[in-house]
Amino acid sequence: MAINERFEQLVLETDLNSPAPENEPARQAWFLARARMITQKRIKEEGRPLTFRVETFGCQMNARDSEKIIGILESAGFTEAESEDADFLIYNTCTVRDNADQRVFGRLGRAGHLKKNRPGMKIAVCGCMVQEKSNVEKIRKSYRFVDLVFGTHNLYRFAEYLCSCLESDGMVVEIWDRADRIVEALPVARKYPFKSGTNITFGCNNFCSYCIVPYVRGRERSRTPVEILSECERLVSDGVVEIMLLGQNVNSYGKDLDTPCTFAELLTEVCKIEGLQRIRFMTPHPKDLSDEVIEVVRSNEKIARHIHLPLQSGSDRILARMNRHYSKEQYIALAQKIRDRIPDVSITTDIIVGFPGENDRDIDDTIDVVRRVGFDNAFTFIYSKRAGTPAAKMPDQVPDEEKNRMFDRVLKAVQETAHGRAERLTGRTMEALAEEVNVKDSSYITARLSNNMLVHVPGDPSMIGKMLQVRLDECRGFYFFGTVV
Ligand code: 5AD
Ligand code: SF4
């Protein structure tokens, strides 16, 4: 039975005349049944559907969490709205960089105005940003119209919070410092019917000195292989052909389990699932990407030819201060090993520019790595000071102008190498998963190659979700135009 059906059965069996059960997921089913009753009443009274809007910021983890939030909201009787002018508006936030926080506060201010014209509107904020006390204080003080604030560790209780928020006025705030458990079997509304993410670990133990994630997502916790595999099997029986295994550092998967299981072993098992056509994973840490994992990728055609391997910096001095546990040459050797063993693999990366103490010689080293590895794509970020992290206390913070200048240097190098890498595939025929109607021209379909690059082909919506053989006719920098053969 699909997750949603199992949970639905629990909801239908719920007896609202008895108190809410203590055990999960029965407790959430009880609150969902209650929320459903409240929304049905309002829908009847007002003679119109009740709408919701989920605005997601940040990474794949958040995108997955939003699917869980939408699963609950739809199950409670809400209909998705086209804009933020909705009856239930929720911001699922990111706090990795400061500009993400600022964007949320800007949007929240505007949402407050919408609320004035929409009686009964509820506004919620969840995700990484509110794991930081200072942000919660700011919301309490300056955004008093917010109805619900909850963190990353207690997302599984969303049905419960939704219910109290629908039943009472005043701000509900519940943030936990750590996760007490991983609750399975809650409904999920997938954004794409044919592809899905699956969490394999939550949290991170690495404490890179610039990064807030270990503080807001907590210590690393792995789901058991049985839970992951049965979720993947259910997804496949529900029409999913591509799954992305998600974790902050997938290499350390399973170390915390009672019966340890390595990431390579897990990947091997996932590959055996019949009907699953493509597997991706995000993100491995270069310090411990094992030979076994490389071998599993090489020998399983189902695993995408794409490794996202965050470099962060090419300077040994900066890498040490970032607490990354590898050197420039070790990184290059690893990338070379991956390229040697996995033909046609694309390697992409994340780079931070303007870390405390960084100067042009460090940037020379980063650019040297960019050129020597020849990244297929790279996300370059300007260092953002996150309160509470060790790097925030380093005395030699780099002025903004310097950061911007160094950023431009790195970006130029990245663009040059990435274009060259894509070009070499022109004329080849490759497998691509049709994902959506092209946003600019609806006579085209946008499909994703195994190496994560996009190709636009003439086609129609009936192709979506299918694996196509596509000839790459023309390279346009980071993407292609092609034809189905
Ligand atoms: N400033 C800038 N970029 C950061 N990242 C993480 N923390 C920061 C920060 N404080 C980047 C890293 C990471 C990506 C998800 O975000 O490159 O890999
Ligand atoms: Fe942050 Fe480093 Fe953990 Fe990635 S590995 S989430 S950069 S602390």
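Keep in mind it's a predicted model, so treat the numbers as computed, not measured.
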### Query
Given the rule in the side-chain hydrogen bond (donor to acceptor under 3.5 Å, both in side chains) test, do His308 and Thr283 qualify, once you have shown the distances and angles that lead to the verdict?
CA-CA 6 Å; His308 184 69; Thr283 307; 5.4 Å; no
### Task
Assess whether side-chain contact (heavy atoms from CB on, under 4.5 Å) is satisfied between Arg221 and His153, documenting all intermediate values.
CA-CA 11 Å; Arg221 304 164 308 280; His153 302 308; 4.0 Å; yes
### Query
Where does the angle between the aromatic ring planes of Phe481 and His456 fall among parallel (under 30°), tilted (30 to 60°) and perpendicular (over 60°)?
tilted
### Task
Compute whether any side-chain donor of one residue and acceptor of the other, for Thr201 and Gln248, lie under 3.5 angstrom apart.
no
### Message
Any carboxylate oxygen within less than 4.0 angstrom of a Lys/Arg side-chain nitrogen, looking at Lys138 and Asp101?
### Response
no
### Task
Please check if the side chain of Tyr326 supplies one atom and the backbone of Leu311 the other of a donor-acceptor pair under 3.5 Å.
yes
### Query
Does Glu401 come within less than 4.0 Å of Arg405, counting only side-chain N to carboxylate O?
no
### Task
Would you mind checking if Arg371 and Asp365 are paired as a salt bridge, meaning a charged N to carboxylate O distance below 4.0 Å?
no
### Residues Arg234 and Glu231 bridged, charged N to O under 4.0 Å
no
### Message
Salt bridge check, Asp368 against Lys328: does any charged N sit closer than 4.0 Å to a carboxylate O?
### Response
yes
### Message
Is any side-chain heavy atom of Met467 closer than 4.5 Å to one of Arg278?
### Response
yes
### Task
Go through the steps for Leu246 and Thr198 under the test side-chain contact (heavy atoms from CB on, under 4.5 Å), then give the verdict.
CA-CA 6 Å; Leu246 299 170; Thr198 300; over 6 Å; no
### Query
Are Asp376 and Arg339 within salt-bridge range, i.e. N to O under 4.0 Å?
yes
### Task
Kindly assign one of parallel, tilted or perpendicular to the pair His419 and Phe478, based on the angle between their ring planes and the thresholds 30° and 60°.
perpendicular
### Query
For the ring pair Tyr383 and Tyr210, is the centre-to-centre distance below 6.0 Å?
no
### Query
Is a salt bridge present between Glu67 and Lys191, judged by a nitrogen-to-oxygen distance below 4.0 Å?
no
### Query
Is it the case that Glu220 and Ser252 place a side-chain donor and acceptor less than 3.5 Å from each other?
yes
#### Entry: Basic-acidic side-chain contact under 4.0 Å: Arg321, Glu358
no
### Query
Yes or no on salt bridge (Lys or Arg N to Asp or Glu O under 4.0 Å) for Asp87 and Arg53, after CA distance, side-chain angles and deciding distance?
CA-CA 8 Å; Asp87 297 299; Arg53 179 80 180 178; over 6 Å; no
### Message
Looking at Asp85 and Arg118, is any side-chain nitrogen of the basic one under 4.0 Å from a carboxylate oxygen of the acidic one?
### Response
yes
### Query
Will you find, in the side chains of Asp362 and Ser315, an N or O donor that is under 3.5 Å from an N or O acceptor?
yes
### Message
Within the 4.5 Å heavy-atom criterion, are Val296 and Ile303 side-chain neighbours or not?
### Response
yes
### Query
Would you say the side-chain atoms of Arg219 pair up with the backbone N or O of Pro214, donor to acceptor, closer than 3.5 Å?
yes
### Task
Would you check if the distance from the ring center of Phe207 to the ring center of Tyr215 is below 6.0 Å?
yes
### Message
Assess, by modelled atom type and distance only, whether the side chains of Asn323 and Ser209 contain a donor and an acceptor separated by less than 3.5 Å.
### Response
no
### Query
Where do Asn206 and His325 land on the side-chain contact (heavy atoms from CB on, under 4.5 Å) test, with the steps shown first?
CA-CA 10 Å; Asn206 286 312; His325 299 282; over 6 Å; no
### Message
Is it the case that the side chains of Lys272 and Asn300 hold a donor-acceptor pair, with the cut-off being a distance below 3.5 Å and no angle test?
### Response
no
### Query
Is there a side-chain contact between Val485 and Val470 (heavy atoms, below 4.5 Å)?
no
### Query
Tell me, which pairs form a side chain to side chain donor-acceptor pair (under 3.5 Å) where one or both residues lie in residues 466-475, sequence neighbours left out?
Arg471-Asp473, Arg471-Thr483, Asp473-Thr483, Glu474-Arg476
### Task
Tell me, with the steps shown, if Arg386 and Asp98 meet salt bridge (Lys or Arg N to Asp or Glu O under 4.0 Å).
CA-CA 7 Å; Arg386 307 318 286 137; Asp98 183 54; 3.7 Å; yes
### Task
Take Lys287 and Asn251, measure what side-chain hydrogen bond (donor to acceptor under 3.5 Å, both in side chains) needs, and give me the verdict at the end.
CA-CA 9 Å; Lys287 80 179 157 64; Asn251 309 315; over 6 Å; no
### Task
Test salt bridge (Lys or Arg N to Asp or Glu O under 4.0 Å) on Glu295 and Arg341 and set out the steps.
CA-CA 8 Å; Glu295 176 51 28; Arg341 296 198 187 159; over 6 Å; no
#### Entry: Presence of salt bridge, Glu436 and Arg448, under 4.0 angstrom
no
